[in-house]
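As the structure is a prediction and not an experimental result, all values here were calculated from the model. Order of appearance sets the numbers: ligands from 1, and atoms from 1 within every ligand.
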Amino acid sequence: MRHLLSIDDLGRDDIELVCDRARSFAEVGRRDIKKVPTLRGRTIVSLFYESSTRTSSSFELAAKRLSADVVSVKAAGSSVDKGESLRDTVATLSAYEPEAMVIRSPEAGAAALVAGWTEAAVINAGDGKHEHPSQALLDVYTLIDNVGTLDGKRIWIVGDVAHSRVARSCIRAFVTMGAEVTVAGPPTLIPRGIDELGSSVSYDFGDLGGADVIYALRMQKERMKEAFVPSLREYAINYQINGRRLGPRQLVMHPGPVNRGVELSPDVIDGPASLITAQVASGLLVRMAILYEILAGSERPRPLTRVGGEGGSSEGAQIGEPA
Ligand code: CP
């Protein structure tokens, strides 16, 4: 991988490679010193023009666990406040000769533009309503961890599909991995043509009971310039995933942050069917894997072998050695 701009750039083999690599990093998190020297001496710039908790913190921690030097810039409080353009900001930060730049922007296509302005590898950490490829990868990883293969699994993505970059990346990733994907919600929140990404469309929850996994989306009030639903209360009455709508063997996912009591009820968020915390934990491993694959990797990972353990030294042992 040169950049990670769109999930479209990845085939099933690529997604499996990232997941295998992420799995090989899980062991690092169980060590006393949770660090490997793989990216020592490399510089990674994290540039966020939109708020973020999960994506920004996990990319930063992932880079640090791989021993990279990290420069984190948030638009608020930076010279962007003084009117500096994205292009000039990228040129400024490129003067440090970073190997990778992680960018989140409210504008669709921003990451692809940045890739044309810098020598660094560019990772799209969310660009407007367009794509959020690292979220889709961590969701595939979380699902494989919890249900095994995605082949034939029925995944319903429900809620505010219209404003969701997560939906666009996840539909493609889940379909590529063999799942049957349905998007569902009120007609005002289901964009025309979304089925062209490979999903079915439903405007009600009549067949929701057939889903193995329900992936709820946040109502993105900040991106709504008009009223898409009469009120959040009415939306919750008709479309909230709660104990009444959730079947006994169904799993629930959400990219976060959640509007508690709107798209998900608190008992479902905190209940046994919820994979939300697992998604956050996967985010760290998968973002380590993305950085590794872009900056250091190319071959399928072998299981980590402890130094001095059976099998002696291996590529896995090499990447797993303490920093
Ligand atoms: N899922 C996600 O992108 O969360 P953040 O906005 O907190 O990064």
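Against a heavy-atom cut-off of under 4.0 Å, Gln135 is close to the following atoms of ligand 1: 1 (N), 2 (C). Less than 4.0 angstrom separates some heavy atom of Thr53 from each of these atoms of ligand 1: 5 (P), 7 (O), 8 (O).
Ligand 1 has no atom lying under 4.0 Å from any heavy atom of Glu50. Contact analysis puts Gly256 in contact with ligand 1, with a non-hydrogen atom separation below 4.0 angstrom.
No side-chain heavy atom of Val28 sits less than 4.5 Å from a side-chain heavy atom of Lys35.
Partners of Glu263 according to the salt bridge (Lys or Arg N to Asp or Glu O under 4.0 Å) rule, which considers only residues two or more places apart in sequence or in another chain, do not exist here. Among residues two or more places apart in sequence or in another chain, the ring pair (Phe, Tyr, Trp, His ring centres under 6.0 Å) test is passed with Phe205 by Tyr239.
In terms of protein heavy-atom proximity, atom 7 (O) of ligand 1 is nearest to Arg54 NH1, 2.7 Å. The nearest heavy-atom contact from the protein to atom 2 (C) of ligand 1 is Thr55 OG1, 3.5 Å. Residue, atom and distance of the protein heavy atom nearest to atom 6 (O) of ligand 1 are Arg104 NH1, 2.9 Å.
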> Under the side-chain contact (heavy atoms from CB on, under 4.5 Å) criterion, do Arg154 and Val213 qualify, and how do the steps go?
Replying inline: CA-CA 7 Å; Arg154 287 158 299 184; Val213 177; over 6 Å; no

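In summary, the aromatic rings of Phe25 and Tyr292 are positioned with their centroids under 6.0 Å apart.
In terms of modelled atom types and a separation under 3.5 Å, the side chain of Thr176 and the main chain of Gly11 share no donor-acceptor contact.
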